[in-house]
Q: 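Starting off with a structure, shown below.
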Protein chains: 2
Amino acid sequence: MENKVRVLLYEDNRDLREGIAFLLQATPGIELAGAFPHVNNLKSELHAHMPDVILLDINMPGMSGLEALPIIKSLYPKTQVIMQTVFDDDERVFQAIRSGASGYLLKNTPPAEIVQAVFDVYRGGSPMTSSVARKVLQFFQQPPKTHPAGHLLSSREQDILKGLMKGYSYKLIADELHISIDTVRTHIRNVYDKLQVNSKTEAILKAMKEGWISNSGQ
Amino acid sequence: MENKVRVLLYEDNRDLREGIAFLLQATPGIELAGAFPHVNNLKSELHAHMPDVILLDINMPGMSGLEALPIIKSLYPKTQVIMQTVFDDDERVFQAIRSGASGYLLKNTPPAEIVQAVFDVYRGGSPMTSSVARKVLQFFQQPPKTHPAGHLLSSREQDILKGLMKGYSYKLIADELHISIDTVRTHIRNVYDKLQVNSKTEAILKAMKEGWISNSGQ
DNA sequence: CCGGCAATCACATAAAGGTGTGAGGGGGGC
DNA sequence: GCCCCCCTCACACCTTTATGTGATTGCCGG
């Protein structure tokens with residue numbers, strides 16, 4: 001291939017840092033531009049080395065990797081960042097993803113796979129530990145959340161609520177369902193009681209939060 | 001370990017099927033319950049073998065893997081399904097994820113990793129090819145979509161709109177922003193003009209669709 | 001300096017929404 | 001049969017929204 005992959009490594013544990021650094025240095029196609037125990041000089045290091053890929057530990061003394069990530073991505077959006085950590089709690093994972101991480105490896109990842117991950121992100125992939133991937137997937141899979149309201153709302157009431165969620169007026173809903181506007185009022189009244197709200201807007205927002213979101217109508 | 005992992009394999013390519021089947025059979029801890037070239041007898045096979053993990057090819061003659069997946073998950077929600085395909089287009093990937101796939105491997109995955117993936121999903125992970133993982137991550141990251149309205153709405157108008165999206169009444173918004181209710185009216189009037197709507201509800205729905213969703217208030 | 005726009009406020013009117021009260025018919029369970 | 005819930009409708013009354021028509025102030029740029 002053309003150029004080597006320029007890599008920066010941030011890892012506070014000395015043994016780990018030196019171990020990974022050694023491995024990266026020894027790998028053809030990778031150029032280890034630097035290995036540091038903290039991100040306190042992040043900006044100047046970024047500017048000096050212009051890395052393609054950054055291996056970034058989350059837990060470091062001083063500024064954490066999660067704080068450093070958005071800085072990196074705002075300065076050099078094309079730099080690919082692989083997060084490394086011993087923890088895979090939802091909060092960190094999603095914060096990292098939102099901030100633009102391209103990979104997420106737990107610390108128990110074998111060194112050989114770390115090297116593989118570097119090439120992976122460089123080629124446009126997103127290597128991640130399978131437990132992290134599971135968290136991400138679960139986010140998509142319809143939160144089989146228990147519709148707390150699903151049970152209490154009668155089917156007619158659900159019809160009316162769907163009408164509201166499409167932005168319809170009472171009159172429109174009445175026409176669509178072929179009932180009188182007063183009936184619509186009555187249903188809405190009951191829906192409000194059951195949902196514990198007292199306005200159209202609140203009902204819609206609540207319905208959406210609870211997962212009624214079928215907001216594709218029209 | 002306790003029991004073996006019971007695996008079903010669906011793959012129409014004979015060589016591939018027999019190759020993977022051989023490997024799975026030879027792996028301690030795995031019990032290959034069956035290997036089939038199509039899913040036409042899916043239900044009876046599921047019932048007969050009660051697999052823990054299913055390796056499911058997407059492109060098969062007759063019913064496709066994407067069609068089979070929701071059936072599997074509705075019948076046996078706890079069964080872990082790993083999708084396999086040569087394609088990684090967004091459409092299929094997300095359809096599979098929404099339908100409950102637990103893993104997604106491209107066909108160029110080395111056999112050894114396929115075996116690893118079986119154990120991975122069984123232990124609650126979600127092995128996926130890094131290119132697939134990238135697609136999934138991008139889904140989270142790109143929301144910085146172009147706010148078509150972001151430009152036309154003045155900052156004060158955005159304040160008011162955010163208030164609406166929190167379900168506030170004019171009066172509440174007025175109080176919160178320390179302005180008169182008539183001023184709120186005026187702003188809302190202008191927002192409606194710019195968004196081409198004519199009710200609170202429409203404005204909120206439109207704002208959400210366009211990505212203003214910061215609906216975390218309160 | 002002037003025109004344009006953002007932001008503020010006012011007054012007025014009509015339409016839509018929220019709430020109280022009541023009521024009749026149908027179906028299911030006990 | 002009686003009770004309860006769902007669905008239907010009606011009328012009344014008040015609040016909130018939507019819209020029309022102005023007006024004042026302040027900032028920015030030509």
Side-chain angles (χ1 to χ4, degrees), chain A residues 146-210 212-215 217-218, chain B residues 147-210 212 214-215 217-218:
Chain A
T146 60
H147 285 207
H151 288 295
L152 27 158
L153 288 194
S154 76
S155 81
R156 207 49 167 167
E157 286 163 351
Q158 294 183 37
D159 290 342
I160 268 82
L161 183 49
K162 281 176 195 163
L164 291 184
M165 287 197 280
K166 287 195 282 188
Y168 290 0
S169 67
Y170 289 9
K171 170 142 184 40
L172 256 177
I173 295 174
D175 287 352
E176 200 186 32
L177 299 180
H178 308 299
I179 56 180
S180 98
I181 194 169
D182 274 308
T183 303
V184 174
R185 286 177 195 278
T186 304
H187 284 309
I188 286 182
R189 196 196 317 256
N190 293 329
V191 170
Y192 289 0
D193 278 351
K194 293 181 180 177
L195 292 189
Q196 297 270 305
V197 298
N198 46 38
S199 82
K200 208 177 172 179
T201 311
E202 283 180 278
I204 293 173
L205 292 176
K206 184 149 194 168
M208 295 194 139
K209 266 190 213 153
E210 314 280 311
W212 292 74
I213 25 100
S214 62
N215 169 29
Q218 180 185 15
Chain B
H147 286 204
H151 288 294
L152 28 155
L153 289 194
S154 75
S155 79
R156 206 49 165 168
E157 285 162 353
Q158 293 184 39
D159 290 342
I160 268 80
L161 183 50
K162 282 176 195 163
L164 290 186
M165 286 198 280
K166 287 195 282 187
Y168 290 0
S169 67
Y170 290 9
K171 171 143 184 41
L172 255 176
I173 295 174
D175 287 352
E176 200 186 34
L177 299 180
H178 308 297
I179 56 181
S180 98
I181 194 170
D182 273 308
T183 303
V184 174
R185 285 178 198 281
T186 303
H187 284 308
I188 285 181
R189 196 196 317 259
N190 293 328
V191 169
Y192 287 3
D193 278 350
K194 293 181 180 177
L195 293 188
Q196 297 273 303
V197 298
N198 46 38
S199 82
K200 208 176 171 181
T201 311
E202 283 181 275
I204 292 172
L205 292 176
K206 184 149 193 166
M208 295 194 139
K209 268 191 210 151
E210 313 281 307
W212 292 75
S214 61
N215 170 28
Q218 181 181 9

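Naming: A, B, ... by sequence-line order, numbering from 1 per chain.
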Q: Could you pull out all residues at least two apart from B:Leu177 that satisfy side chain to side chain contact (heavy atoms under 4.5 Å, CB included)?
A: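 By the side chain to side chain contact (heavy atoms under 4.5 Å, CB included) rule, B:Leu177 matches B:Arg156, B:Asp159, B:Ile160, B:Ile173, B:Ile179.
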Q: In a table with atom names and distances, give each donor-acceptor pair under 3.5 Å that connects a side chain of residues 184-193 of chain A to protein atoms at least two apart or in another chain.
A:
| unit_1 | atom_1 | unit_2 | atom_2 | d |
| --- | --- | --- | --- | --- |
| A:Thr186 | OG1 | A:Asp182 | O | 3.0 |
| A:Asn190 | ND2 | A:Thr186 | O | 3.3 |
| A:Tyr192 | OH | A:Lys200 | N | 2.9 |

Q: For C:dA6, take OP1 and OP2 only and decide whether either is under 4.0 Å from a side-chain N or O of B:Ser155.
A: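 Result: no.
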Q: Where do A:Gly167 and B:Thr201 come nearest, in terms of heavy atoms and distance?
A: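 That closest heavy-atom pairing would be CA-CG2, 3.6 Å.
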Q: Going by heavy atoms closer than 4.0 Å, what residues in residues 170-180 of chain A are next to DNA chain D?
A: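 Within residues 170-180 of chain A, the residues near DNA chain D are A:Ile179, A:Ser180.
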Q: Take the C1' atoms of the five end pairs on each side of the helix from C:dC1-D:dG30 to C:dC30-D:dG1, derive the two axes, and give their angle rounded to 10 degrees.
A: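 Inter-axis angle at the ends, rounded: 40°.
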Q: Below the 4.0 Å mark, does D:dT17 have OP1 or OP2 next to a side-chain nitrogen or oxygen of A:Ser169?
A: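 Checking D:dT17 against A:Ser169, no side-chain N or O comes under 4.0 Å of OP1 or OP2.
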Q: Taking the side chain as C-beta and beyond, is there a heavy-atom pair between B:Glu176 and B:Lys162 under 4.5 Å?
A: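 A side-chain contact is absent here, since even the closest heavy-atom pair is not under 4.5 Å.
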Q: If the condition is salt bridge (Lys or Arg N to Asp or Glu O under 4.0 Å), which residues does B:Glu202 pass it with, not counting sequence neighbours?
A: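 With sequence neighbours excluded, B:Glu202 shows a salt bridge (Lys or Arg N to Asp or Glu O under 4.0 Å) to no residue whatsoever.
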Q: Got a sec? Which of residues 184-194 of chain B come in under 4.0 Å of DNA chain D, heavy atoms?
A: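 Residues of residues 184-194 of chain B under 4.0 Å from DNA chain D: B:Arg185, B:Arg189, B:Tyr192.
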Q: Measuring from B:Ile204:CD1 to B:Lys206:NZ, what's the distance to the nearest 0.5 Å?
A: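 Reported to 0.5 Å precision, the distance equals 14.0 Å.
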Q: Would you indicate, yes or no, if C:dA7 has its OP1 or OP2 atom less than 4.0 angstrom from a side-chain nitrogen or oxygen of B:Thr183?
A: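 It does not, given that no N or O in the side chain of B:Thr183 lies less than 4.0 Å from OP1 or OP2 of C:dA7.
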